[in-house]
Amino acid sequence: MSKRDGVDTVPEGKKRRPIRRTRPNAQRGAGRPSGAPASPRFAKPLTPGAVLGWTALSAIVPGAAHLRAGHRRTGLILVSVYAVLLLAVLAYGLSVAGDLSNAAGLAGDGAMLGVVIGASVLALAWFALLVTSYVALGPNKLPQQGQIFTGIAVGLLCVTVMSPFALAANSVLTVRDAVGAIFPSEPDADTPTVAQNPEDPWDGKERVNFLLIGGDAAGNRTGVRTDSMNVASVDLKTGTTVLFSLPRNLQHVRFPPSSPLHKQFPNGFMAELPNGGLLNEVWQYANDNPQLMGGRNKGPRALMDAIGYTLNLKIDYYMLMNMYGFADLVDAIGGLRIKVEQDVKWGGLYGTAGVIKAGERKLTGEQALWYGRSRVGSDDFSRMGRQRCVIGAFAQQATPTVILTRFNKIAGAAKKLAQTNIPRHLVQPLLELAVKVKGAKITSLQFVPPEFYSGRPDWAKIRTATKKAINDSLRPARQAQTANVSASPSVAASRARTATPQRPTQTPTRNSQRAGAKGLDELCGL
């Protein structure tokens with residue numbers, strides 16, 4: 001190629017090569033080193049509202065803000081981890097919904113501590129997530145007023161998001177404190193020590209017998225009178241329960257030879273007194289006479305011995321509930337729905353404090369307490385029937401949903417009213433057993449006239465009736481299991497009747513009691 005007269009010429013025999021012209025767009029990125037990643041760009045500048053919106057969305061879908069800001073790898077990792085955690089929580093929730101006993105695993109001391117730590121870690125993680133999501137969106141590009149506004153709003157959002165985790169941790173700590181206050185960490189000196197075996201927490205037993213006591217201790221009264229005494233005999237495999245109610249005025253109970261009071265009262269408790277020796281005096285008598293019992297606060301042991309010997313059952317554990325504290329517990333679950341068949345007056349000898357009207361009622365704690373305690377216009381035996389119905393109503397209506405929604409109130413009330421010798425390591429197995437009992441058949445037997453006279457007890461008859469009630473409660477289930485077939489029509493019919501019980505025609509009284517254990521649904525119209 002040569003220049004001639006300022007014009008480029010091409011020698012003959014050679015072809016002109018086309019000249020490539022560089023387009024202006026080719027210069028894009030000329031100042032960036034080769035291989036350097038391009039900085040993320042928004043489709044359009046984010047407004048303060050958009051920054052807040054994407055940050056808030058990250059609280060629900062972690063990683064959303066990072067994806068919007070162009071940090072795809074970080075965003076996808078956050079979304080994936082969140083999805084795995086969400087699926088795990090959902091799977092556990094479905095397992096609990098299918099079998100409530102799975103939730104009992106959280107009752108252990110270590111499990112509750114783990115929940116508290118986990119909730120704290122998640123609270124901090126969500127706080128960090130919101131802060132990093134906010135920073136990734138580039139709030140420094142906003143006007144100064146927008147930066148101040150979004151910064152304050154994100155701070156409030158962080159506090160809001162952390163609150164549920166703090167509430168969960170506080171609730172678990174409340175329950176942990178209540179369990180520690182109610183259930184002793186050291187075994188009862190009067191109860192034989194049993195090796196803790198997670199595979200068999202009940203030490204090979206087929207049944208466990210709990211003595212449930214209602215005490216009327218108050219600031220203006222000396223000592224404790226056990227006015228309500230029921231034994232819940234529970235089959236560990238099925239949860240089938242028989243509730244035995246003993247009258248407070250059962251006289252001259254006997255003590256087993258192993259009891260310190262057997263030598264003091266070989267012919268029955270305070271048999272030398274014409275009108276003394278009531279069952280509800282045993283607890284306080286033992287506490288008032290530690291020299292006879294061989295130690296202080298032996299009232300529970302003396303009462304367990306007397307009732308166990310009366311029924312020919314080994315009483316494994318007891319739980320005392322202060323009746324005035326029970327009113328707080330009823331209020332904590334939102335009241336009790338009970339069918340009151342006839343007006344119940346309460347207060348003093350003539351019922352001047354109030355009247356619980358007949359009909360379908362939702363009773364407050366105070367009303368439920370006096371519904372079970374009032375003797376105005378009735379007697380001890382009708383009162384026992386009402387107490388039994390209150391227990392049944394509470395067992396039915398204290399559902400998992402109610403317990404979860406009123407968790408702190410229930411834990412606080414239980415902490416103030418309960419005393420027991422059930423060791424702390426049995427709390428988790430006890431909750432698993434309670435789930436079985438809630439879905440199983442509960443029958444009840446009262447030792448009241450005309451079948452049983454409290455002034456002249458027939459001890460052999462009481463023991464025979466106790467044994468028969470337990471055997472009858474298990475017979476249908478055992479027959480069906482042994483034959484490996486479905487229940488016979490008669491059994492099926494009896495189950496159908498249990499599922500749709502008839503309402504009682506009157507409040508339970510001594511005249512309506514008949515021999516044999518009856519279902520609480522049938523007796524109380526629950």
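Counting begins at 1 with the first residue of the sequence. All values reported here derive from a predicted model rather than from experimental measurement.
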Is a donor on one side and an acceptor on the other found under 3.5 Å between the side chain of [X] and the backbone of [Y]?
X: Asp235; Y: Thr240; result: no
X: Asp331; Y: Gly365; result: yes
X: Lys436; Y: Leu236; result: yes
X: Arg424; Y: Gly180; result: yes
X: Arg296; Y: Pro290; result: no
X: Asn287; Y: Lys298; result: yes
X: Ser228; Y: Ile213; result: no
X: Thr241; Y: Gly239; result: yes
X: Arg254; Y: Asn267; result: yes

Is there side-chain contact between [X] and [Y], with at least one heavy-atom pair below 4.5 Å?
X: Ile338; Y: Tyr371; value: yes
X: Leu320; Y: Pro300; value: no
X: Pro423; Y: Tyr317; value: yes
X: Pro260; Y: Leu292; value: no
X: Val231; Y: Ile315; value: yes

Matching residue for Phe244 among Ile462, Leu313, Thr443 - test: side chain to side chain contact (heavy atoms under 4.5 Å, CB included):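 Between Phe244 and the candidates, side chain to side chain contact (heavy atoms under 4.5 Å, CB included) is satisfied uniquely by Leu313.
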
Inset, instruction - Using the side chain to side chain contact (heavy atoms under 4.5 Å, CB included) rule, take Val175 and Ser171 through it: C-alpha gap first, then chi angles, then the decisive distance, then the call. - result: CA-CA 6 Å; Val175 174; Ser171 298; 5.7 Å; no

* To do: With sequence neighbours left out, write down each residue that passes ring-ring contact (aromatic ring centres under 6.0 Å, His included) with Tyr285, or none if nothing qualifies.
  =>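 Expected list: Phe265, Phe269.
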
Task: Set of residues satisfying ring-ring contact (aromatic ring centres under 6.0 Å, His included) with respect to Tyr453, sequence neighbours excluded - done: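 Checked Tyr453 against ring-ring contact (aromatic ring centres under 6.0 Å, His included); zero matches.
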
Work out which heavy atom in [X] is nearest to a heavy atom in [Y]; give both atom names and the distance.
X: Phe165; Y: Ala123; answer: CB-CB, 3.7 Å
X: Lys441; Y: Ser473; answer: NZ-O, 3.5 Å
X: Val242; Y: Ala469; answer: CG2-O, 3.8 Å
X: Ile470; Y: Ser233; answer: CD1-OG, 3.8 Å
X: Pro247; Y: Met229; answer: O-CE, 4.2 Å
X: Ala169; Y: Val116; answer: O-CG2, 3.9 Å

Between Asp316 and Lys314, does any side-chain N to carboxylate O distance fall below 4.0 Å? yes

Rounded to the nearest 0.5 Å, what separates atom [atom1] in [X] from atom [atom2] in [Y]?
X: Ile422; Y: Met319; atom1: CD1; atom2: CE; result: 4.5 Å
X: Glu206; Y: Lys237; atom1: CD; atom2: NZ; result: 6.0 Å
X: Gln251; Y: Leu278; atom1: CD; atom2: CG; result: 5.5 Å
X: Arg207; Y: Thr238; atom1: CZ; atom2: OG1; result: 7.5 Å
X: Asn249; Y: Asn280; atom1: CG; atom2: CG; result: 8.0 Å
X: Met270; Y: Glu281; atom1: CE; atom2: CD; result: 6.0 Å

Residue pairs meeting salt bridge (charged side-chain N to carboxylate O under 4.0 Å, His left out), one or both in residues 111-120, sequence neighbours left out, come to none

Those residues at least two apart in sequence (or on a different chain) that pass salt bridge (Lys or Arg N to Asp or Glu O under 4.0 Å) with Asp177 are Lys415

Check: Who are the salt bridge (Lys or Arg N to Asp or Glu O under 4.0 Å) partners of Lys461, not counting sequence neighbours?
Finding: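 Lys461 satisfies salt bridge (Lys or Arg N to Asp or Glu O under 4.0 Å) with Glu451 only.
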
Could you walk me through whether Trp370 and Val344 pass the side chain to side chain contact (heavy atoms under 4.5 Å, CB included) check? CA-CA 9 Å; Trp370 287 108; Val344 177; over 6 Å; no

Between Phe210 and Leu430, is the side chain to side chain contact (heavy atoms under 4.5 Å, CB included) condition met? List the steps. CA-CA 11 Å; Phe210 300 93; Leu430 184 64; 3.8 Å; yes

Could you go through residues 303-312 and list every donor-acceptor pair under 3.5 Å that involves a side-chain atom there, pairing it with any protein atom two or more places apart or in another chain?
unit_1: Asp305; atom_1: OD1; unit_2: Arg301; atom_2: NH1; d: 3.3
unit_1: Thr310; atom_1: OG1; unit_2: Ala306; atom_2: O; d: 2.7

Determine, step by step, whether Val355 and Lys345 satisfy the side chain to side chain contact (heavy atoms under 4.5 Å, CB included) criterion, reporting the C-alpha distance in whole Å, the side-chain angles of both residues, the deciding distance to 0.1 Å, and the verdict. CA-CA 4 Å; Val355 178; Lys345 296 181 179 181; 3.8 Å; yes

